Number of protein chains: 2
Amino acid sequence: MAKSNYKISASTKSEAKSTAILEGAMKEFLAHGYAATSMDRVAKEAGVSKATVYSHFGDKENLFSAMIQNLVQDKFQMIMDLQQPELLEQDPKIVINNLASKILKNVQKNQDVQNLMRIIISESGRFPELAKAYVHNLAKPAINAIIQYFRSQSHLQIEDPEATARVMVGTLVYYVMLQEMLYGKDVLPLESDRVINTLSDLITRNHNSSQL
Amino acid sequence: MAKSNYKISASTKSEAKSTAILEGAMKEFLAHGYAATSMDRVAKEAGVSKATVYSHFGDKENLFSAMIQNLVQDKFQMIMDLQQPELLEQDPKIVINNLASKILKNVQKNQDVQNLMRIIISESGRFPELAKAYVHNLAKPAINAIIQYFRSQSHLQIEDPEATARVMVGTLVYYVMLQEMLYGKDVLPLESDRVINTLSDLITRNHNSSQL
DNA sequence: GTCTATACATCGATAGAC
DNA sequence: GTCTATCGATGTATAGAC
C-alpha cells in the first residue's frame, strides 16, 4: 500500500511536470511556430530543465505532436456546444444566425483557436498526421453538426446539405482569417453581421419565399 | 558607348544573379517556411556564394520580403483574368459557375499559390506588412472583381454584394485549404462541382425563381 | 527523475583576398 | 562583385552527478 502510494505520488509529480511542459510548449509553439521555437525556451517557460523535457517527450517533434493532439482534444468541446437542443428549436433563419454567430465569436475571441489554425496550416507539410487529426476532430464534427441540422429541416429544401455546410463554414473561417489573421480589418473592413445575415438569407431563401 | 555597354552588361549580370537568388529563395522558403530555411541552402540553390546573397539582399528578412513581394506581383495577373469581358456575358448562373471554377482550378493546380497562402498565414505575425500586401494585391482585387459583377447584374437582386462576394471567395478558398492543404480529400471527400453548383444556386436563386 | 554541463551541428552574418 | 574561410551565437540532444 505504501509502495502503491509512493508510485501514485511519483506518477502524479511526473504528470504535473508533463502538464507544465505541455503548457510551456503550447505557449511557445503557438506564438513562434515549430522551427522558431527552441527547447530551451520551452523548458524555461515550463520551469524545468531541458533534460527533463527530453526525458518526458523524447525529442522536439514528439513534443510538438503531443501538444497539438492535446490542444485539438481540448477544443473539441467547443464544437459539441453547437448541438445543444435549445439552440436548434427556433425559426431556421434565427438558428442559422445563432450558429454562425456562435462559431464566429468563438474563433474571433479565442486567440488559441486562431493560432492553432495558423500552425496547423503552417506545419501541414511537415506533420500531415496532425492536419488530419485537426480535420477529423474539429473541422469534420463542426461540418457534420451543420449537415445534421440542415437534414432535420426538410422544409428548408436544401438540395445539397454537405456542400451547403461547406459554404457556411468556409465563409466564416475565411472571414476570420482575412479580417483577424491577415489584417483585413484595415484594408477590407466589413461588419461580421452583414456576413452572417447574408449567409442565413441565402440558405433560408426558399423557406422565406414560400412564406411570403 | 563602350562604357555604357559595360555598365549595362554589369548590371545585367548582377540582375541575373538577383533573379537566381530570388528563385532559389522562393523554392526554399515556400517549401520549408521562413525559420527552417537557411541562407546556405538558398545560396546553393541559386548557384552563388552566401556572401553574394547577402551583398544583394542585406539580410534574411529582406530577402524573404523581396521574394514574397515578387511572387505577389506575379500572381496578380491571375486575378485580372477574372475580368475578361467574354467571361461575363452569359447567363448569371453560368457566369458564376465559370468564375468559381476558374478560381478553384487556378488555386488547385497551382502549388505555388497554395504555398504562398500557407506561408503568408504562417508568417503573418512576423511579417504583418506582407500579409497586408497579399490582401491588398490579391484578395482585395479578386473580391472586388466579384462585387463589381454582382453590382452590374441588378436583376439578381443581391442585397449585399460585398458580403455575398465574401461568401463566394471564402467557400472556395476554404474548400481548397481543407481538401488539398489539410488532406481533407481523404477524411472529408466532396466533389468540387457540388460546391460550385451550390454556390451559384444560392446566389442566383432569386433570379431563377422569378424565371420559373 | 531531475539537474548541470557540455558535445556537436548549424545558423546568420562578415572579413578579406581576388 | 564574388568568392573562401571563419566568427560568434544558438540550436538539438545527451552524459553523468545526485
Side-chain angles (χ1 to χ4, degrees), chain A residues 2-25 27-29 31-68 119 122-123 126-127, chain B residues 3-29 31-68 119 122-123 126-127:
Chain A
K3 191 176 178 183
S4 178
N5 277 342
Y6 171 76
K7 269 188 176 175
I8 288 171
S9 173
S11 160
T12 302
K13 280 182 190 170
S14 190
E15 272 181 35
K17 296 245 174 190
S18 277
T19 309
I21 293 168
L22 281 175
E23 283 172 5
K27 184 171 178 182
E28 292 297 320
F29 280 127
H32 309 109
Y34 178 78
T37 292
S38 74
M39 297 296 263
D40 290 82
R41 290 183 62 94
V42 171
K44 176 174 277 185
E45 191 68 39
V48 300
S49 77
K50 191 162 57 169
T52 301
V53 176
Y54 277 93
S55 81
H56 277 248
F57 292 95
D59 62 10
K60 189 183 179 183
E61 287 196 5
N62 228 304
L63 173 61
F64 179 71
S65 193
M67 170 259 151
I68 293 286
I119 207 165
S122 307
E123 307 301 337
R126 197 196 303 259
F127 299 94
Chain B
K3 190 177 178 182
S4 177
N5 278 341
Y6 171 76
K7 269 187 177 175
I8 288 171
S9 173
S11 162
T12 302
K13 279 181 189 171
S14 190
E15 271 181 36
K17 297 245 174 191
S18 278
T19 309
I21 294 168
L22 281 174
E23 283 172 3
M26 186 173 87
K27 183 171 178 183
E28 293 297 320
F29 280 128
H32 309 109
Y34 177 78
T37 292
S38 74
M39 298 296 264
D40 290 83
R41 290 182 61 95
V42 171
K44 176 173 278 185
E45 192 67 39
V48 300
S49 76
K50 190 161 60 167
T52 300
V53 175
Y54 277 94
S55 82
H56 278 247
F57 292 95
D59 62 11
K60 189 183 180 182
E61 287 196 6
N62 229 303
L63 173 61
F64 179 71
S65 193
M67 170 258 151
I68 293 286
I119 206 164
S122 308
E123 307 300 338
R126 197 197 302 261
F127 299 94

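Chain naming here is simple, since letters A, B, ... match the order of the sequence lines and numbering starts at 1 in each. Because the structure is a prediction, the values reported are computed rather than measured.
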Got a second to check how far A:E28's CD is from A:L63's CG, nearest 0.5 Å? 11.0 Å

Quick one: which of C:dG12, C:dC3, D:dC3 gets closest to the side chain of A:V48? C:dC3

Does any N or O in the side chain of B:K60 come within less than 3.5 Å of the main-chain N or O of B:Y34, such that one atom is a donor and the other an acceptor? yes

Taking the side chain from A:S55 and the backbone from A:T52, do they hold a donor-acceptor pair closer than 3.5 Å? yes

Per atom distances to the A:H56 side chain, the nearest of D:dA13, C:dC11, C:dT2 is C:dT2

Ring-plane angle category for A:F29 and A:F64, please: parallel below 30°, perpendicular beyond 60°, tilted otherwise. perpendicular

Report yes if some heavy atom in the side chain of B:H56 is under 4.5 Å from a heavy atom in the side chain of B:S14; otherwise report no. yes

Calculate the interatomic distance between B:F57 atom CZ and C:dG12 atom P; express it in whole Å. 16 Å

Which nucleotide in the set D:dT12, D:dT2, C:dT2 lies at the smallest distance from any side-chain heavy atom of A:S49? C:dT2

Send over the distance from A:L63 CG to D:dG11 C1', rounded to a whole Å. 15 Å

Categorize B:S18 for me: base, sugar-phosphate, or nothing, with a 4.0 angstrom heavy-atom threshold over every strand shown. nothing

Side chain of B:A51 only, please: which of C:dG12, D:dT4, C:dT4 is the nearest? D:dT4

Under 4.0 Å, heavy atoms only, any strand: does A:S38 hit a base, just the sugar-phosphate, or nothing? sugar-phosphate

To the nearest angstrom, the CZ-P distance between A:F29 and D:dT12 comes to 8 Å

Under 4.0 Å between a side-chain N or O of A:Y54 and OP1 or OP2 of D:dT14? no

Would you indicate which nucleotide in C:dG12, D:dT12, C:dG1 comes nearest to any side-chain atom of A:S14? C:dG1

Any side-chain N or O of B:T52 below 4.0 angstrom from OP1/OP2 of D:dC3? yes

Please report, rounded to the nearest Å, how far the C1' atom of D:dG11 is from the NZ atom of A:K60. 8 Å

Between the base of C:dG1 and the side chain of A:K17, is there a donor-acceptor distance below 3.5 Å? no

Rounded to whole angstrom units, what separation is found between the CE atom of B:M39 and the C1' atom of D:dT6? 17 Å

Taking atom P of C:dT14 as reference, at what distance in whole Å does atom NZ of B:K50 sit? 11 Å

In whole angstrom, what separates B:D40's CG from D:dA5's C1'? 13 Å

With nearest nucleotide decided by heavy atoms, which residue, A:G58 or A:R41, maps closer to the 5′ end of DNA chain D? A:R41

May I ask you to say what A:D59 touches in the nucleic acid, namely base, sugar-phosphate or nothing, with a heavy-atom cut-off under 4.0 Å? sugar-phosphate

From CD1 of A:I21 over to P of C:dT2, roughly how many Å is that when rounded to an integer? 8 Å

